[in-house]
Amino acid sequence: MMTDDRLEHAKIGSWFLGPRAENHEQLKAFLAYILEKHREARSNIYIYDPDFITPEMQRTQSYHDSINRLWRMVKFLTRKLASHSIPFWSPRYNAHMNMDTAMPGIIGYMAAMLYNPNNAAPEGSPLTTLIERKVGQELCQMLGYRTERIEQCDTSCAWGHITCDGSVANLEAIWAARNLKFYPLSLKLAMETGNRLDFLGTIEPPFTLENCKGTKKLFKELSTWELLNLKPSITLDIPTRLYKEYGISPSFLESAIGPYLVQSIGIDPLEKKFNIKNSAKFCISIGRHYSWPKGGALIGIGSESFVNINVDLHARMNIQELKRYLDSCVPDAEDDRTPVFGVVAIMGSTEHGACDPLKELVGIRESYEEKGLSFLIHCDAAWGGYFTSMLRTPTETLHLPYVPIMALKPHTEEQLRALKDVDSITVDPHKSGYVNYPAGGLCYRDERLKCLITWTSPIVFHAGDALESMGVYGVEGSKPGASPVAAWLTHNTLKLNSEGYGRLLGEAIFTCSKLYCHWATMTREDTDLIVVPFNMLPTEQNNASPEAIEKEKTLIEKRILGVSNEDLMRDSVAADLLKDLGSDLMINAFACNFRVDGEANTDVEEANYLNKRIFKRLSVSSMYDAVEERPLFITESTFAQDVYGDCLRNYKRRLQLGETAGGDLVSLVNVTMSPWPSDYPFLRDLAETFKRVANQEVQRCVKRNRLTKDIHGFIMQGCNKLFLVHLSMFNMANHRRQLIVTAEIPERIMSQYRNLRAENPAKFYRLTNVKEAYLEELQHAKSFEARMDEGTQESDTAPLATFNVKNVNVVIDKSLKSDHLEKNYPKMMPFYVYGSEQEYHIDHVLKKSPNAQLTADCVTVSVKPPLETEQLERGVVARLRNVFERPLQPLPTYEGQIVRNVPGLSFVPHRKYEVEMFDTYANFQNQGEPIATGNIMLGYRVYADWLEINKDPTETVK
């Protein structure tokens with residue numbers, strides 16, 4: 001007999017088509033019923049109209065040819081879709097915020113789509129407009145907003161609507177916040193003498209408002225700063241109060257204030273009119289979605305209006321950093337103050353599922369209003385919004401019941417409960433609502449806020465306006481009525497409470513938490529693979545000893561991963577621990593590193609290479625990738641060091657990269673929305689599959705980074721004195737150095753070399769060691785056996801000569817490891833200049849990867865003052881004055897080879913450059929005084945290579 005939990009899980013089985021299309025017959029029956037009812041709808045209206053597509057038409061050859069063509073195209077399309085579509089429905093898909101869409105969503109969308117309703121206006125969508133209104137109310141209720149009117153004149157109820165996605169919902173929130181901030185200023189302009197509302201300055205009783213400190217003042221006496229910092233509710237109440245207290249109709253108010261609104265005249269005229277020195281800003285966590293700065297650009301406030309607030313070690317907004325910024329906005333001098341449009345809290349960041357401390361933020365707003373600073377609070381809960389369903393019992397009371405399988409973390413629950421206190425919320429049905437695209441959503445705590453982003457009058461709400469237009473409020477014009485229907489049918493089938501969505505999301509959280517356990521315990525001391533989740537274990541958070549951390553991992557391995565779900569939930573210690581593991585909201589960020597001969601890699605770029613390779617193996621990004629060959633799907637993200645700061649440094653330390661390791665870090669991400677794979681064998685199989693792929697890629701990394709004896713190639717330069725330029729490779733430890741040396745070879749070989757150069761003035765010749773050796777050994781060897789070959793590529797042909805090389809002296813020796821490189825390419829292109837009194841040679845200074853090795857010997861140098869012998873022997877740095885490297889990079893290539901005639905560079909024989917010489921690269925970089933100026937002209941021998949220096953020898957190069 002099934003337990004209650006098993007019966008509830010079986011209920012979830014009725015909500016989806018299923019990973020193996022197990023509910024195919026049910027969905028087919030539903031769709032057949034929909035089509036039949038649609039046929040009846042067309043047949044039963046206007047029954048006396050004739051048939052326009054007659055049987056005679058249907059019997060014609062042209063009709064049959066057209067239908068047959070459609071069949072061919074449909075068969076072609078379905079084959080392509082089956083072969084190349086990403087299997088979101090499979091439990092093996094754990095990449096982006098996608099899973100199988102709920103069957104009610106599919107059915108609702110298909111049913112409404114056949115009627116093609118446009119929710120831009122009720123006349124084109126009377127039913128689906130009403131449904132969108134209903135869906136908006138359902139979302140508001142789920143999030144904790146009040147949707148019931150307390151009394152007839154109540155105008156502050158919540159309102160929500162469906163957008164095409166969360167980015168548009170965020171854009172609308174920015175738009176509304178901007179318009180709200182400037183509305184009082186526009187009203188003050190409309191009240192100036194001679195304008196249509198000038199009578200408000202003398203009307204009785206006087207028009208008064210409370211500033212954000214709670215002091216009641218005449219509106220006309222409020223300062224610019226006070227007007228910019230009215231509480232949102234006070235500003236939203238202005239049109240209603242003007243109507244109720246002075247009889248000013250909405251239409252008159254709109255026409256009177258319209259010419260002065262920010263929507264009409266823009267921000268600059270308002271700021272100049274009121275002498276606003278510092279433009280208003282938004283504050284948002286650095287973990288923000290890219291739609292926020294994009295929305296700022298679209299709305300005209302600029303992407304730089306978003307102030308990034310640092311995060312803590314859990315990637316949540318650092319409240320102390322926020323307070324420091326807000327403090328800087330309210331100095332004593334009012335003219336130096338900075339208004340704040342709003343603060344954006346994130347409920348479930350897309351990269352690591354972090355929930356910002358929203359409850360604390362709400363309290364902070366109250367404290368800053370006492371200082372005269374007020375702002376909107378918007379919550380980007382595009383991902384996290386539906387998790388509030390876990391807080392609601394079927395009777396809609398607000399307490400957290402026992403959700404079978406997995407409940408929310410206490411921190412997450414606390415923040416989700418605070419949603420009711422924010423001004424607006426983004427929530428996406430097409431994410432954790434399991435509804436078809438496109439279905440984003442935006443909800444306002446006070447529905448009057450929506451009136452600020454419409455071109456119609458902000459009218460006072462009337463109870464009979466059930467069929468108000470949804471399309472006039474927001475960015476979109478035409479919008480599908482099918483999306484709200486899909487959301488409505490899904491909401492009302494699953495139910496937005498703990499027994500419906502709460503159950504589904506609870507099971508998905510359980511699965512995601514167990515997958516986190518696999519990432520947390522995958523590292524073994526006896527293997528080269530290192531796997532570290534971004535979210536720390538409880539022992540790590542408490543700075544426990546390494547022994548305690550390992551003990552906790554052992555507990556996880558044995559009592560969470562090594563048992564059945566039933567035994568796990570009966571083990572109170574293991575079950576309680578599981579609730580504390582993983583991210584705030586069902587997203588696992590994790591990264592891999594590797595060991596070489598027992599030592600952990602400390603090169604961030606090599607760790608990034610590993611993670612990129614794993615991502616490439618476990619994702620599909622083009623039509624040429626075989627979907628069926630991917631045993632598991634994950635995605636990737638990048639943590640920028642200058643954005644994540646201490647948070648990323650801590651993460652690198654845990655990855656054994658070292659806290660001082662510079663550079664951005666590529667991380668892997670898995671979002672587990674499926675309730676199906678929670679059982680032990682299946683999850684174990686997924687984890688083992690990942691481990692197998694990761695270990696294969698680790699072996700590539702070990703090969704790239706294990707320092708071994710090897711054959712090293714050098715370009716031979718000079719006829720009087722021999723210089724050797726190492727053929728560097730960024731991607732192999734054995735060759736990861738820019739090295740230039742002088743050396744001596746037997747005079748007979750030198751003569752042969754001179755003769756070859758005379759016969760072939762444009763050719764280069766390569767010197768290589770015969771016996772494998774470390775590069776450092778060649779630098780310090782008294783002598784080593786070498787061979788000379790034509791060209792710079794390895795060849796199986798017999799050498800031109802073999803001989804001993806002696807008296808090696810280093811001219812330039814620079815590491816090409818990532819921690820020795822720079823974040824940006826040099827502004828202007830630098831070259832090392834070296835040689836003897838008779839001959840000068842140059843080699844491109846390599847300071848960032850990818851790059852090109854550009855080398856020329858026997859160049860003509862004409863500089864004043866002339867370079868001294870000592871300077872040539874140790875090398876100086878030349879700046880090509882008219883070659884700007886940063887804009888040129890990465891240099892264009894053709895079939896893997898660098899295009900020499902790059903505009904602005906043209907590294908070809910006999911090219912002349914104006915140069916400035918510096919004694920060191922540091923002086924070049926700091927733009928110090930040059931030691932010489934003049935020009936350099938290239939000779940015959942010009943070597944330009946892109947492929948070899950950037951090549952990864954562990955991959956097959958096409």
Looking at [X], I'd like to know if its [atom1] atom is crowded, meaning that more than 12 non-hydrogen atoms belonging to other residues, nucleotides or ligands lie closer than 6.0 Å.
X	atom1	value
Phe199	CZ	yes
Glu304	CD	no
Glu123	CD	no
Ile53	CD1	no
Met191	CE	yes

Strictly by modelled atom types, are [X] and [Y] linked by a side-chain donor-acceptor pair under 3.5 Å?
X	Y	value
Glu172	His161	yes
Thr193	Asp198	no
Asn179	Gln263	yes
Arg196	Ser255	yes
Tyr437	Asn98	yes
Asp100	Tyr434	no
Glu138	Asn492	yes

For residues [X] and [Y], determine if any side-chain heavy atom of one lies less than 4.5 Å from a side-chain heavy atom of the other.
X	Y	value
Met99	Val671	no
Leu171	Ser291	no
Ile131	Val135	yes
Leu505	Ser432	yes
Met470	Arg133	yes
Ile47	Asp49	no
Arg448	Asp237	yes
Trp488	Lys134	yes

Side-chain donor-acceptor pairs under 3.5 Å in residues 341-349, sequence neighbours left out?
| from | atom 1 | to | atom 2 | distance (Å) |
| --- | --- | --- | --- | --- |
| Ser349 | OG | His352 | ND1 | 2.5 |
| Ser349 | OG | Gly353 | N | 3.3 |
| Ser349 | OG | Ala354 | N | 3.1 |

- Are the side chain of Asn229 and the backbone N or O of Asn211 linked by a donor-acceptor pair below 3.5 Å?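 No.
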So how far is it from [X] [atom1] to [Y] [atom2], rounded to the nearest 0.5 Å?
X	Y	atom1	atom2	answer
Ile203	Lys220	CD1	NZ	11.5 Å
Lys431	Thr350	NZ	OG1	8.5 Å
Lys188	Leu227	NZ	CG	5.0 Å
Ile265	Leu261	CD1	CG	8.0 Å
Ser125	Asn118	OG	CG	6.5 Å
Ile12	Tyr501	CD1	OH	12.0 Å

Tell me the closest heavy-atom pair linking [X] and [Y], and the distance in Å.
X	Y	value
Pro484	Thr128	CB-O, 4.4 Å
Asp428	Gly440	OD1-CA, 3.3 Å
Ser264	Gly258	OG-O, 2.5 Å
Asp423	Arg365	OD2-NH1, 2.6 Å
Val262	Ser186	N-OG, 3.9 Å
Ala256	Leu197	CB-CG, 3.7 Å

- Task: Please confirm whether Lys450 makes a cation-pi placement over Tyr444, using NZ or CZ under 6.0 Å from the six-membered ring centre and within 45° of the ring normal.
- Result: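 Checked: cation-pi criterion not met.
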- Query: Is there a salt bridge (charged side-chain N to carboxylate O under 4.0 Å, His left out) between Glu499 and Lys495 once you walk through the steps?
  - Reply: CA-CA 7 Å; Glu499 292 184 0; Lys495 300 296 183 182; over 6 Å; no
N/O donor to acceptor pairs below 3.5 angstrom from side-chain atoms of residues 377-387, sequence neighbours left out:
| from | atom 1 | to | atom 2 | distance (Å) |
| --- | --- | --- | --- | --- |
| His378 | ND1 | Ser424 | O | 3.2 |
| His378 | ND1 | Ser424 | OG | 2.7 |
| His378 | NE2 | Thr426 | OG1 | 3.0 |
| Asp380 | OD1 | Ala382 | N | 3.3 |
| Asp380 | OD2 | Asn170 | ND2 | 3.3 |
| Asp380 | OD2 | Trp292 | NE1 | 3.0 |
| Trp383 | NE1 | Leu585 | O | 2.8 |
| Tyr386 | OH | His491 | NE2 | 2.7 |

- Take Ile248 and Tyr243 through the side chain to side chain contact (heavy atoms under 4.5 Å, CB included) test and state the conclusion after the steps. CA-CA 5 Å; Ile248 298 175; Tyr243 173 72; 5.8 Å; no
- Query: Can you name the one residue among Val362, Thr388, Leu391 that meets side chain to side chain contact (heavy atoms under 4.5 Å, CB included) with Leu419?
  - Reply: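 The side chain to side chain contact (heavy atoms under 4.5 Å, CB included) with Leu419 is passed solely by Thr388 among Val362, Thr388, Leu391.
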- CA sep, side-chain torsions, deciding dist, call: Ser279, Glu271, side chain to side chain donor-acceptor pair (under 3.5 Å): CA-CA 8 Å; Ser279 297; Glu271 289 184 334; 2.9 Å; yes
- Query: Residues two or more places apart in sequence or in another chain: which of them pass salt bridge (Lys or Arg N to Asp or Glu O under 4.0 Å) with Arg288?
  - Reply: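 For Arg288 there are no salt bridge (Lys or Arg N to Asp or Glu O under 4.0 Å) partners, ignoring immediate neighbours.
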- Message: Quick one, Thr208 with Arg241, criterion side chain to side chain contact (heavy atoms under 4.5 Å, CB included). Give me CA distance, side-chain angles, the key distance, then yes/no.
- Response: CA-CA 10 Å; Thr208 61; Arg241 284 191 56 199; 4.3 Å; yes
- May I ask you to decide whether Glu132 forms a salt bridge with Lys479, counting only side-chain N to carboxylate O separations under 4.0 Å?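 A salt bridge is present here (some side-chain N lies under 4.0 Å from a carboxylate O).
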- Message: Going by the rule ring-ring contact (aromatic ring centres under 6.0 Å, His included), which residues pair with Tyr115 if we only count those two or more places apart in sequence or in a different chain?
- Response: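 By the ring-ring contact (aromatic ring centres under 6.0 Å, His included) rule, Tyr115 matches His38.
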- Task: Apply side-chain contact (heavy atoms from CB on, under 4.5 Å) to Thr338 and list each qualifying residue two or more places apart in sequence or on a separate chain.
- Result: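 Partners of Thr338 by the side-chain contact (heavy atoms from CB on, under 4.5 Å) criterion, ordered by chain and then number, come out as Asn278, Lys281, Tyr325, Cys329.
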- Mind checking whether Trp159 and Tyr145 have ring centres under 6.0 Å apart?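 Trp159 vs Tyr145: aromatic centres not under 6.0 Å.
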- Message: Quick one, Leu496 with Arg392, criterion side chain to side chain contact (heavy atoms under 4.5 Å, CB included). Give me CA distance, side-chain angles, the key distance, then yes/no.
- Response: CA-CA 8 Å; Leu496 294 168; Arg392 301 187 178 280; over 6 Å; no
- Message: Set out, in order, the CA-CA distance, both residues' side-chain angles and the distance that settles side chain to side chain contact (heavy atoms under 4.5 Å, CB included) for Trp175 and Leu298, then state yes or no.
- Response: CA-CA 9 Å; Trp175 188 11; Leu298 289 170; over 6 Å; no
- Item | With sequence neighbours excluded, residues passing side-chain hydrogen bond (donor to acceptor under 3.5 Å, both in side chains) with Lys181 |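 Testing Lys181 for side-chain hydrogen bond (donor to acceptor under 3.5 Å, both in side chains), a comparison that skips the adjacent residues, returns none.
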